[in-house]
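The block underneath contains the structure these notes are about, expressed in structure tokens.
Counting from 1, the numbers follow the sequence of the chain as shown. Order of listing sets the numbers, starting from 1, for every ligand and every atom in it.
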Amino acid sequence: MDSSCDRHTKPFFHKIIHFRLFVLIGYYFCPISHSQSILESPIEFLRGVGPQKGELLRSELQISTFEDLLYHYPYRYFDRTKISKIGSIDSSTEFVQIAGTLVNIYEEGEGRKRRLVAMLYDDTAQIELLWFQGAQWMKKSLKENERYLVFGKVSSFNGIYNIAHPEIEVWNPESNISGMQPVYPTTEKLRLKGVTNRSFAKLTQALFERVKIGDIPEILPGDILSQYKLCNRLAAIKWIHFPDTEEHEALARYRLKWEELFISQLQIARIRLQHIAQVGWKFERVGPGFNEFFKNHLPFELTNAQKRVLREIRTDTGSGKQMNRLLQGDVGSGKTIVAIMSMLLAIDNGFQACIMAPTEILAQQHYMGISGLLKEMGIEVQLLTGSVKGKLRKQILANLMDGTLPIVVGTHALVEDTVQFKNLGLAVIDEQHRFGVGQRARLWKKNDMPPHVLVMTATPIPRTLAMTMYGDLEVSVIDELPPGRKEIKTVHRKDALRMGVMEFIRKEVDNGRQAYIVYPLIEESEKLDYESLMAGYEQVKIWFDENKYKVAMVHGKQKVEEKERNMARFVKGEANVLVATTVIEVGVNVPNASVMLIESAERFGLSQMHQLRGRVGRGADQSYCILLTGNKISEESYKRIQIMVSTTDGFKIAEEDLKMRGPGDLHGTQQSGVLKFKLADIVLDSGILEQTRVAAQNLLAADPTLSQPKNQMLKYALSQAGKQQQHHWGKIS
Ligand code: ADP
Ligand code: MG
């Protein structure tokens with residue numbers, strides 16, 4: 001801020017009214033381009049930083065410019081508006097600010113244990129202040145019988161309270177710190193190198209001294225500010241760093257969250273407008289392929305939900321516009337058949353189609369299923385994954401290029417540039433959440449005209465998540481399971497009951513059923529996890545005697561061929577029991593399997609367990625999901641298990657999962673980059689999300705190209721945000 005303003009506000013910013021005025025001026029006069037903005041200066045040029053700290057800030061927190069520091073927001077504040085009495089400190093006190101007189105300063109202990117002790121007293125009590133480092137220096141700078149303002153974290157030792165390494169200043173109400181002191185996210189390394197929380201506050205303060213009015217212009221149009229009662233941007237950014245009151249902090253946080261979500265909703269709404277305007281292949285007819293399959297090869301009657309979705313797809317693909325549709329349906333709801341029939345529609349109209357799966361096993365299984373169903377109709381299907389090599393690969397690539405191969409099933413190998421189609425009319429993406437947004441976009445470039453895109457996702461997505469992740473897509477829902485399915489019985493069993501569980505599984509197997517036994521495998525404890533998987537496998541082989549039963553095992557460390565061979569044994573019914581890690585999590589379809597035993601269930605997330613459970617209950621028989629846990633589990637694990645036991649409704653489970661874990665964690669969404677918000681949380685701030693969605697739609701309805709003068713700053717901010725994301729997606733796709 002310029003100096004005339006700063007004089008009044010040092011060291012913190014109380015006179016926000018000034019800023020309001022300046023923002024108004026800034027809004028009208030600031031240049032739209034930020035190219036000369038001081039905010040682009042490298043961080044080491046800020047007073048108090050320099051090359052060494054600059055490098056640290058860059059490597060530890062990715063703060064490389066003034067702007068990055070400006071947007072490095074505090075996550076909490078120390079309330080330094082109040083001065084407490086020493087006598088009021090009790091076991092519930094965490095941080096405290098006190099004022100008093102210092103007496104009895106002395107050093108004690110030897111060598112490394114040497115420390116400085118001082119007593120501070122006020123009219124109620126006294127407390128020990130301690131320094132373990134820099135004792136010499138502190139001793140020189142502190143004076144007995146002088147009044148001090150002290151702030152720090154209270155600990156107790158043998159029932160006596162103390163404050164170690166407090167922030168301490170000579171008492172002077174004119175210059176002492178007051179207000180809300182920001183606490184910044186930082187790292188251990190930075191702290192050790194002396195970049196403390198205090199230094200962050202000081203640097204940010206130094207930054208504000210150099211920032212000019214136009215550097216932080218308002219980007220939201222005035223009517224939106226007043227309609228949604230948002231404070232202006234400059235005030236928000238100042239207040240979030242240095243709020244003078246809790247109200248201002250709340251206003252600032254609200255405004256900045258609103259802006260974040262609004263920008264994201266605008267981006268999505270704009271992509272959606274582009275989709276809607278995008279000319280696409282017109283599938284004019286429902287031809288012989290589709291009809292022949294429907295009459296003679298469909299192994300069952302379609303559910304009403306499946307029929308409805310197919311109608312929606314036919315309408316989309318026949319409209320002359322590109323289809324961008326999300327097909328949502330719980331595990332086992334029968335999405336694959338919808339995909340197959342949509343692909344037949346493409347072929348009937350002279351186009352090629354592809355379906356992409358997230359793993360080799362899934363692609364393989366789709367390949368076997370789809371080619372089996374279409375074999376009698378003489379429609380060729382090929383599998384293209386990373387492990388298809390040599391002559392076969394060349395052949396497939398050539399046939400895709402010359403158009404003689406109508407359907408290809410694959411993994412993300414399909415988006416590689418070497419894969420060229422003659423005329424790709426439809427791309428189906430199964431289990432979308434494993435794909436990055438960038439990969440979806442790359443599919444578009446396979447033709448001059450982008451193909452129709454059908455995205456299928458097994459985990460039902462809570463509404464808030466769908467709005468942010470798939471807001472650009474039209475949504476179809478299969479909300480009905482194929483008839484005759486019995487609800488999967490889910491039970492929780494503790495280790496002590498393992499014998500009974502194994503006997504139960506053996507009975508099921510003796511009745512001709514198959515069973516999955518799944519072990520957790522997480523990166524952090526991979527080695528131990530593999531050990532317990534192997535030990536488990538040996539145990540299972542004792543329960544299931546080799547002479548009578550066959551046990552197969554799949555896990556991520558096996559070679560692809562070995563994994564596939566073992567998986568195939570189970571799929572074909574040659575193995576009775578499959579011991580596995582979560583490699584089988586998505587999609588695998590063995591209708592004869594009736595038991596899913598999840599070992600150490602307390603270590604699984606909700607969505608993961610739901611996915612695993614979805615592997616059984618795919619036939620007409622009663623199926624079971626057994627959640628085996630240790631005898632003692634944490635409250636949170638217990639809660640997850642209880643949710644699993646109480647419902648099989650994927651939507652409910654996904655909502656609970658989102659609540660318990662936060663969106664960043666949810667099925668790999670983090671890598672999509674769409675959900676990275678600095679402040680907003682799509683669960684907790686769903687109210688704001690809803691507002692911004694409406695506001696974004698209204699704004700684009702009135703000004704689709706953002707060409708009105710009042711929307712110019714917003715347009716600029718959007719392009720900046722877009723650039724950053726592209727950078728991000730470029731890295732993951
Ligand atoms: P998901 O939606 O999880 O991908 P799938 O497409 O794998 O589910 O279908 C699950 C199982 O249900 C498969 O064995 C499939 O053949 C069967 N199925 C799909 N639709 C129907 C239907 N309408 N009637 C009976 N079985 C069906
Ligand atoms: Mg599936």
Side-chain angles (χ1 to χ4, degrees), residues 293-295 297-311 313 325-344 354-374 409-411 428-435 454-461 475-488 513-514 516 567 570-573 582-594 596 607-623 625 648-651 653-654 667:
F293 182 80
F294 188 75
K295 284 204 198 90
H297 302 281
L298 194 60
F300 37 67
E301 175 99 11
L302 292 177
T303 62
N304 285 329
Q306 285 168 323
K307 284 184 197 160
R308 186 186 64 236
V309 172
L310 273 170
R311 270 197 304 275
I313 291 169
R325 191 166 276 281
L326 174 71
L327 173 52
Q328 238 180 284
D330 207 347
V331 280
S333 61
K335 295 181 291 291
T336 317
I337 204 77
V338 172
I340 294 175
M341 294 181 74
S342 306
M343 292 198 286
L344 287 174
C354 72
I355 177 164
M356 265 199 301
T359 63
E360 291 245 0
I361 289 182
L362 257 189
Q364 173 92 33
Q365 197 168 42
H366 270 325
Y367 167 69
M368 299 204 305
I370 296 171
S371 58
L373 278 169
L374 299 184
V409 180
T411 51
V428 182
I429 306 177
D430 196 9
E431 320 288 356
Q432 152 81 2
H433 58 265
R434 300 280 178 102
F435 278 109
L454 180 67
V455 172
M456 307 200 295
T457 168
T459 312
I461 311 159
V475 180
S476 291
V477 183
I478 302 186
D479 49 7
E480 173 186 9
L481 291 179
R485 295 268 171 87
K486 292 210 176 71
E487 181 142 315
I488 302 163
R513 303 273 89 90
Q514 289 165 281
Y516 294 95
M567 193 69 221
F570 189 70
V571 172
K572 285 187 211 145
T582 48
V583 290
I584 58 146
E585 187 184 326
V586 277
V588 173
N589 187 28
V590 180
N592 187 48
S594 67
M596 167 60 66
S607 283
Q608 234 177 355
M609 284 194 273
H610 181 64
Q611 280 289 332
L612 287 169
R613 179 166 59 184
R615 297 312 104 215
V616 297
R618 300 172 86 82
D621 295 294
Q622 180 62 56
S623 290
C625 176
T648 51
D649 180 337
F651 275 94
I653 289 173
H667 37 75

Can you find a heavy atom in the side chain of [X] that is under 4.5 Å from one in the side chain of [Y]?
X	Y	value
L327	V428	no
L302	F294	yes
L298	M341	yes
Q611	T582	no
S476	I478	no

Classify the contact between [X] and ligand 1 as side chain, backbone, both or neither, using a heavy-atom distance cut-off of under 4.0 Å.
X	result
T303	both
Q306	side chain
R615	neither

Could you tell me, atom by atom, which parts of ligand 1 come under 4.0 Å of a heavy atom of E301? 22 (C), 23 (N), 24 (N)
Of all the atoms in ligand 1, which lie at a distance below 4.0 Å from a heavy atom belonging to S333? 2 (O), 8 (O)
So, does Q328 sit close enough to ligand 1 that a heavy atom of it is under 4.0 Å from the ligand? no
Close approach of G329 to ligand 1, heavy atoms, under 4.0 angstrom: no
Ligand 1 N/O within reach of P483 N/O, cut-off under 3.5 Å: no
Check this for me - ligand 1, I337, N or O atoms closer than 3.5 angstrom, yes or no? no
Minimal heavy-atom distance between L362 and A357, with the atoms involved, is CB-CB, 3.9 Å
Just going by heavy-atom distances, which of L362, T336, I478, I340 is nearest to atom 4 (O) of ligand 1? T336
For salt bridge (charged side-chain N to carboxylate O under 4.0 Å, His left out), just list the numbers for E301 and K307, CA-CA rounded to whole Å, side-chain angles, deciding distance to a tenth of an Å, and then say yes or no. CA-CA 10 Å; E301 175 99 11; K307 284 184 197 160; 3.7 Å; yes
